[in-house]
Protein chains: 2
Amino acid sequence: MKTDFRDIKQYIRRRIVAGDWAPGQLVPNEVDLAARFECARATVNRAMRELAEEGLVERRRKAGTRVRSTPLHRPRFEIPFVRKEVEALGSVYGYRLIDRAAGPAPDWLKAQFGLETDIRALHLVCLHLADSAPYQIEDRWISLAALPDAEDNDFSEIGPNEWLISVVPFSDAEISFSAIAADAEAAGRLGCAAGDALFLTERSTWWNGQAITYVRLISRPGHKVTARY
Amino acid sequence: MKTDFRDIKQYIRRRIVAGDWAPGQLVPNEVDLAARFECARATVNRAMRELAEEGLVERRRKAGTRVRSTPLHRPRFEIPFVRKEVEALGSVYGYRLIDRAAGPAPDWLKAQFGLETDIRALHLVCLHLADSAPYQIEDRWISLAALPDAEDNDFSEIGPNEWLISVVPFSDAEISFSAIAADAEAAGRLGCAAGDALFLTERSTWWNGQAITYVRLISRPGHKVTARY
DNA sequence: AAGTGGTCTAGACCACATT
DNA sequence: ATGTGGTCTAGACCACTTA
């Protein structure tokens with residue numbers, strides 16, 4: 001049985017976790033490890049490269065590989081789209097379009113998109129339901145300069161999120177999480193009290209450097225996102 | 001100049017993004033791509049493996065490599081510890097211990113830790129400051145069963161977070177984000193109004209399968225975490 | 001100048017899932 | 001049964017960075 005790069009990863013991880021190799025300390029170089037494991041250097045390289053990717057070690061040419069002095073915590077959150085999220089809860093998903101209007105993009109949106117020029121935008125407000133109860137408000141702006149087709153769609157049956165994925169499946173994005181107080185409107189739509197603390201997800205999306213859409217997702221009270229690492 | 005695996009990644013990414021290879025569709029296999037790029041299969045493999053890791057394609061033995069039908073969004077959030085976070089804002093970091101008490105762990109904490117047995121725990125409440133203004137409340141429980149040394153530390157000068165990192169630099173963790181309303185106590189400590197929407201970060205940490213600590217980080221109003229992908 | 005990681009090659013064998 | 005990805009090997013050359 002040949003050496004598996006996972007064996008090497010595990011060995012190194014163990015030595016680090018056990019404290020044998022302290023933070024900041026040098027880890028043996030690839031040639032030595034390859035000799036000790038009687039394997040090719042490429043195998044050690046794969047192991048070390050992945051450990052670096054995971055944030056456990058830091059590598060620099062000539063300087064060697066060191067145990068990270070302060071661990072890097074970079075949790076990965078899975079962001080499913082709403083329908084999947086609701087279905088994963090075992091609930092029946094529902095969708096309702098609340099408002100739809102096309103017009104010139106407001107200044108704050110142009111700023112958000114990093115644009116100087118005037119463009120038209122489509123503004124959509126939708127409600128996502130779980131077992132007929134409000135689950136999330138989707139307040140979305142779509143650049144009609146980037147996606148003129150959006151204007152032909154009335155979004156009465158299918159949410160803009162799913163439509164967008166079918167049109168521009170791959171894109172660059174910036175996502176952020178924060179907490180906001182429910183205003184009267186949001187409270188009415190989510191069936192909670194005004195002032196309630198709500199979880200807000202914001203996402204801006206680009207495609208080939210062009211701004212596509214900006215969305216505010218306001219989740220029902222108690223929403224939580226979780227990741228392990 | 002030899003073929004760089006990045007060239008292959010870029011080529012494939014372009015074809016996918018341009019829509020030449022639609023979601024769900026098969027991507028050429030490694031042997032064919034290696035032939036087309038006149039490079040070793042290992043090079044193509046590296047490129048494809050990374051694209052799969054990024055969530056752009058899906059690979060299965062014998063079935064081949066396909067463009068993901070629905071894109072995977074797994075943003076990575078950098079979670080620095082508070083002092084770095086404050087300093088990155090250009091502010092002066094400050095720390096204050098508010099409360100410290102050792103005693104039997106409450107039932108909810110044992111549940112959180114997945115324990116049946118009674119243990120003792122250290123409960124700490126601290127305030128992190130940015131330019132002398134409240135920045136974040138740290139409400140932490142440390143298992144004295146796992147880390148008896150914690151009881152010897154008074155945490156008056158150094159925050160438990162930094163101490164923990166120095167003691168158990170590597171661990172498994174679960175992190176979650178949510179929104180809560182400020183209770184009277186939190187409002188007083190953060191200098192905001194009761195009922196204000198606050199961003200809550202919770203983290204449970206294990207080491208070698210043993211529960212170490214559970215912490216609630218309540219950030220000042222307006223806190224936001226961001227990631228790009 | 002020298003040591004380290006970064007990458008490529010050409011070949012091989014294997015594991016697995018589909019056919 | 002067969003085609004695909006998964007991995008290892010042994011060797012090579014290169015890029016970077018520190019000494």
Side-chain angles (χ1 to χ4, degrees), chain A residues 1-16 20-72 74, chain B residues 1-16 20-72 74:
Chain A
M1 195 146 81
K2 288 181 187 170
T3 312
D4 191 322
F5 74 92
R6 277 166 278 254
D7 297 339
I8 301 176
K9 281 180 74 171
Q10 191 178 27
Y11 168 80
I12 296 170
R13 186 182 276 116
R14 266 206 238 281
R15 307 268 328 217
I16 292 176
D20 299 340
W21 294 341
Q25 193 179 319
L26 217 51
V27 166
N29 69 33
E30 296 190 351
V31 178
D32 291 351
L33 283 170
R36 168 163 355 177
F37 281 92
E38 296 180 321
C39 69
R41 183 164 77 91
T43 305
V44 175
N45 181 269
R46 168 102 189 250
M48 301 282 269
R49 189 154 34 79
E50 294 196 359
L51 288 171
E53 164 68 22
E54 290 167 23
L56 206 64
V57 300
E58 215 168 4
R59 321 192 73 194
R60 262 162 40 234
R61 286 164 147 118
K62 165 74 179 177
T65 300
R66 296 176 173 280
V67 180
R68 271 216 130 82
S69 44
T70 55
L72 244 196
R74 301 182 311 182
Chain B
M1 195 146 82
K2 289 182 188 173
T3 313
D4 190 323
F5 73 93
R6 277 165 279 253
D7 297 339
I8 302 177
K9 282 181 73 171
Q10 192 177 26
Y11 169 81
I12 296 170
R13 186 182 276 117
R14 265 207 238 280
R15 306 265 334 215
I16 292 175
D20 298 341
W21 296 340
Q25 193 179 321
L26 216 51
V27 167
N29 70 33
E30 296 190 351
V31 178
D32 291 351
L33 282 170
R36 171 169 346 182
F37 281 92
E38 296 179 320
C39 69
R41 182 165 78 90
T43 305
V44 175
N45 180 270
R46 167 103 189 247
M48 301 282 268
R49 190 155 32 81
E50 294 197 358
L51 288 172
E53 164 68 20
E54 291 167 23
L56 207 64
V57 299
E58 214 168 2
R59 322 192 73 194
R60 262 161 44 232
R61 285 163 145 114
K62 166 74 178 176
T65 301
R66 295 177 174 282
V67 180
R68 269 218 132 81
S69 43
T70 53
L72 246 196
R74 300 182 310 180

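Lettering follows sequence order; numbering is per chain, from 1.
- Ion pair B:E58/B:R68 flagged as a salt bridge, since at least one NZ, NE, NH1 or NH2 atom sits closer than 4.0 Å to an Asp/Glu carboxylate oxygen.
- Residues B:L33 and B:I12 form a side-chain contact, since some pair of their non-hydrogen atoms from C-beta on lies under 4.5 Å apart.
- Within residues 48-71 of chain A, the residues that place at least one heavy atom under 4.0 Å from DNA chain D are, in residue-number order, A:R60, A:R61, A:K62.
- Applying the side-chain hydrogen bond (donor to acceptor under 3.5 Å, both in side chains) test to A:R36 and every residue at least two apart in sequence or in another chain returns A:Y11.
- Judged as a side chain to side chain contact (heavy atoms under 4.5 Å, CB included), and not counting sequence neighbours, the contacts of A:E53 are A:R74, B:R76.
- The list of ring-ring contact (aromatic ring centres under 6.0 Å, His included) pairs with a residue in residues 40-72 of chain B, not counting sequence neighbours, is empty.
- Here A:Q25 pairs with A:W21, A:A22 under the side chain to side chain contact (heavy atoms under 4.5 Å, CB included) rule; sequence neighbours left out.
- The closest side-chain heavy-atom distance from B:I8 to B:C39 is below 4.5 Å.
- Considering only residues two or more places apart in sequence or on other chains, B:R46 meets the side chain to side chain contact (heavy atoms under 4.5 Å, CB included) condition with A:R49, B:F5, B:R49, B:E50.
- Using a 4.5 Å heavy-atom cutoff, the side chains of B:M48 and B:V57 are not in contact.
- Scored by the salt bridge (charged side-chain N to carboxylate O under 4.0 Å, His left out) test, A:D4 finds A:R6 as partners (sequence neighbours excluded).
- Bracketed by its first and final contacts, the part of DNA chain C lying under 4.0 Å from non-hydrogen atoms of chain B reaches from C:dT7 to C:dT18 in 5' to 3' order.
- In terms of the side chain to side chain contact (heavy atoms under 4.5 Å, CB included) criterion, residue partners of A:E30 (sequence neighbours excluded) are, by chain and number, A:R41, A:V44, A:N45, A:R59.
- Remark: A:N29, A:E30 in residues 28-36 of chain A come within less than 4.0 Å of DNA chain C through at least one heavy atom.
- Of all the residues in residues 38-47 of chain B, B:R41, B:N45 reach under 4.0 Å from DNA chain D with at least one non-hydrogen atom.
- Residues meeting the salt bridge (charged side-chain N to carboxylate O under 4.0 Å, His left out) test with B:R15, sequence neighbours left out: B:D20.
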